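Heads up: the structure comes next, in structure tokens.
Fair warning: this is a prediction, and the values are worked out from it, not measured in the lab. All values below were derived from every heavy atom in this structure, side-chain atoms included, with hydrogens, water molecules and symmetry-related copies excluded.
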Amino acid sequence: MKIYKKIKNSKQFFIIIIVIMLCFSCKTKVSNHANEFKGENYIPYFLTVEKAKEFYKVNEHKKSFLLLDSIFTIYKPLNTLTLNEIELYCELAIKYKKTNKINNCISILVSDYGFDLANNKDSLWVLIKKESKFKDHDLKIKYDNFLKGINLNVRDSIIAIFKSDIDIRKTKNSTKIDSVDRINELKTVSIIKKYGFPTVKLIGGHSNDNELSGVALSVLLKHISYKYVKEIQPILFDEIKKGKCPPFMYAGMLDVRKVVRKEETDFTYFGTIKNVPPIDTAATNLARENIGLPKFK
């Protein structure tokens with residue numbers, strides 16, 4: 001299998017074998033995607049991280065760490081919205097005294113996600129930083145470079161779109177809301193077509209003078225009409241595979257059209273609408289797995 005091409009030594013090989021056996025015992029689908037583990041398609045990565053989060057929630061921390069450690073060997077780690085897997089990994093790496101990937105994780109958090117770790121005095125992060133090669137001075141330079149890389153024009157455009165979305169809904173005038181939605185969707189679709197999914201690296205995070213919370217983009221996607229949803233759907237699906245678009249945002253965008261708007265769509269229900277369970281659970285779970293979401297519960 002191609003998975004073995006990425007493994008550099010026998011110790012890593014042993015860890016991967018253990019983790020794959022663990023995945024089989026837990027009836028996870030991760031091992032079924034072994035031929036895709038090339039660090040290019042992040043859908044198997046998302047499934048693995050979701051399983052690691054499940055283990056963590058039930059206090060099976062060792063299993064959680066092994067899964068994250070193995071997947072971080074194959075893929076460049078992400079810190080996905082709502083999953084926060086790099087942060088989780090760093091916590092567990094300290095717990096189990098396995099800190100060989102700490103330097104890379106810290107570098108990604110600062111350079112790709114705008115974490116101002118130089119000024120983070122939380123006791124856990126102080127300990128994590130102590131185990132790394134970085135001094136606060138080094139982290140400040142990385143953070144300043146991150147800020148310089150933010151596309152302020154795109155960020156400000158999305159903030160303006162989101163504010164108008166909020167303001168018009170306060171009127172409770174459906175005609176006016178629809179009119180503003182049609183204007184906003186053209187702007188949002190144009191941004192996605194040009195830049196792909198607006199990542200934190202592109203527009204900054206909530207702590208980098210960005211007025212948008214992470215879920216704001218999810219709201220905007222849900223207000224795009226199906227005509228334009230069909231245009232950006234393949235773009236966003238490709239962005240999931242690149243690790244840039246959180247799967248739940250993609251699924252929510254499509255589920256709103258089918259369940260809330262009652263529109264005829266070409267997509268299976270992903271089960272993201274609260275209190276609306278799927279009619280065909282098997283079909284929903286297959287659709288979820290195909291974009292990197294765990295099974296519906």
Side-chain angles (χ1 to χ4, degrees), residues 80-82 113-114 147 150-240 242 244-279 284 287-288 291 293 296:
T80 313
L81 184 66
T82 73
Y113 294 95
L147 294 179
I150 293 174
N151 190 318
L152 298 179
N153 289 330
V154 176
R155 184 194 71 179
D156 292 345
S157 294
I158 295 177
I159 289 174
I161 294 169
F162 188 61
K163 282 185 174 180
S164 68
D165 183 275
I166 294 174
D167 290 342
I168 196 61
R169 277 167 170 73
K170 292 177 181 177
T171 69
K172 298 183 180 181
N173 185 313
S174 58
T175 301
K176 290 182 178 180
I177 291 173
D178 186 67
S179 177
V180 171
D181 281 352
R182 302 293 72 78
I183 295 172
N184 284 345
E185 71 183 2
L186 291 175
K187 296 176 182 178
T188 304
V189 168
S190 177
I191 289 171
I192 291 173
K193 286 183 176 180
K194 185 173 182 179
Y195 298 98
F197 182 82
T199 62
V200 172
K201 193 165 186 177
L202 179 70
I203 63 174
H206 195 47
S207 60
N208 311 125
D209 295 324
N210 185 341
E211 299 176 52
L212 294 171
S213 65
V215 296
L217 290 168
S218 180
V219 173
L220 294 180
L221 290 175
K222 290 175 181 178
H223 295 163
I224 296 175
S225 62
Y226 189 52
K227 170 186 174 181
Y228 291 107
V229 164
K230 288 191 291 185
E231 290 187 16
I232 63 173
Q233 176 271 326
I235 298 174
L236 293 181
F237 180 66
D238 193 50
E239 294 287 88
I240 292 176
K242 292 177 182 177
K244 294 182 178 181
C245 177
F248 80 88
M249 285 197 186
Y250 172 92
M253 174 186 73
L254 296 175
D255 279 356
V256 161
R257 311 317 311 178
K258 178 180 285 290
V259 176
V260 179
R261 306 291 183 180
K262 305 297 183 182
E263 297 173 346
E264 291 292 330
T265 74
D266 301 323
F267 303 98
T268 303
Y269 178 50
F270 292 99
T272 65
I273 307 299
K274 188 177 182 179
N275 298 324
V276 183
I279 297 174
T284 288
R288 289 173 65 89
I291 65 168
L293 288 176
F296 183 85

**Report entry** Rounded distance [0.5 Å steps], CD1 in Ile161 versus OG1 in Thr188
**Finding:** 4.0 Å

Report summary line: Residue set satisfying salt bridge (Lys or Arg N to Asp or Glu O under 4.0 Å) with Lys170, at least two apart, ordered chain then number -> Asp167

Query raised in the report: Do the side chains of Leu217 and Phe197 get nearer than 4.5 Å, heavy atoms only?
Result: yes

Query raised in the report: Between the side chain of Arg261 and the main-chain N/O of Ser225, is any donor-acceptor distance below 3.5 Å?
Result: no

Query raised in the report: Taking only residues two or more places apart in sequence, or in another chain, which ones meet Asp238 in a salt bridge (Lys or Arg N to Asp or Glu O under 4.0 Å)?
Result: Lys242

Report task. Take atom CD1 of Ile166 as the centre, draw a 6.0 Å sphere, and report whether it contains more than 12 heavy atoms from other residues, nucleotides or ligands. Result -> yes

Query raised in the report: Any donor-acceptor pair under 3.5 Å linking the side chain of Thr284 with the backbone of Tyr269?
Result: yes

Query raised in the report: Can you name the residues that form a salt bridge (Lys or Arg N to Asp or Glu O under 4.0 Å) with Arg182, not counting sequence neighbours?
Result: Asp178, Glu185

Query - Lys222 backbone acceptor or donor facing Arg257 side chain under 3.5 Å - result: yes

Query raised in the report: Roughly how far, to the nearest 0.5 Å, is the CD1 atom of Ile192 from the CD atom of Glu239?
Result: 9.0 Å

Query raised in the report: Is a side-chain donor or acceptor of Tyr195 paired with a backbone partner of Val154 at a separation under 3.5 angstrom?
Result: no

Query raised in the report: Side chains of Phe248 and Thr272: closer than 4.5 Å at any heavy-atom pair?
Result: no

Query raised in the report: Would you say Ile150 and Leu152 make side-chain contact, with heavy atoms under 4.5 Å?
Result: yes

Report task. Report the distance from atom OG1 of Thr175 to atom CD1 of Ile168, rounding to the nearest 0.5 Å. Result -> 10.0 Å

Requested in this report: Kindly indicate whether the side chain of Asp181, heavy atoms from C-beta on, has any atom under 4.5 Å from the side chain of Arg169.
Outcome: yes

Report summary line: Shortest non-hydrogen pair, Lys258 vs Thr268, comes out as CE-C, 4.3 Å

Query raised in the report: Do Ile158 and Leu220 touch side chain to side chain, with heavy atoms closer than 4.5 Å?
Result: yes

Query raised in the report: Minimum heavy-atom separation for Asp255 to Gly271, with atom names?
Result: OD2-N, 3.1 Å

Requested in this report: Sort and list the pairs that fulfil salt bridge (charged side-chain N to carboxylate O under 4.0 Å, His left out) and have at least one residue in residues 186-195, not counting sequence neighbours.
Outcome: Lys193-Glu231

Query - Nearest heavy atoms of Phe296 and Pro277, plus distance in Å - result: CZ-CA, 3.8 Å

Report summary line: For Val200 and Gly205, the nearest pair of non-hydrogen atoms, with its separation, is CG1-N, 3.6 Å

Query raised in the report: In terms of ring plane angle, is the pair Tyr226 and Phe267 parallel, tilted or perpendicular, where the classes change at 30° and 60°?
Result: perpendicular

Report task. Please list, chain by chain and in numerical order, all residues satisfying side chain to side chain contact (heavy atoms under 4.5 Å, CB included) with Ser157, sequence neighbours excluded. Result -> Ile191

Requested in this report: Check the side chains of His223 and Asn184 for a donor-acceptor pair under 3.5 angstrom, ignoring hydrogens and angles.
Outcome: no

**Report entry** Residues that Lys163 engages under salt bridge (Lys or Arg N to Asp or Glu O under 4.0 Å), provided they are two or more places apart
**Finding:** Glu211

**Report entry** Heavy-atom check, side chain of Val256 versus side chain of Ile273, under 4.5 Å
**Finding:** yes

Report task. Using a 4.5 Å cut-off on heavy atoms from C-beta on, say whether the side chain of Met249 contacts that of Leu81. Result -> yes

Report summary line: Heavy-atom nearest pair, Ala287 first then Phe270, reads O-CE2, 3.3 Å

Query raised in the report: What heavy-atom pair brings Cys245 and Ile240 nearest, and what distance separates the two atoms?
Result: O-CG1, 3.5 Å

Query raised in the report: Got Leu221 and Leu236 here, is their nearest side-chain heavy-atom distance under 4.5 Å?
Result: yes

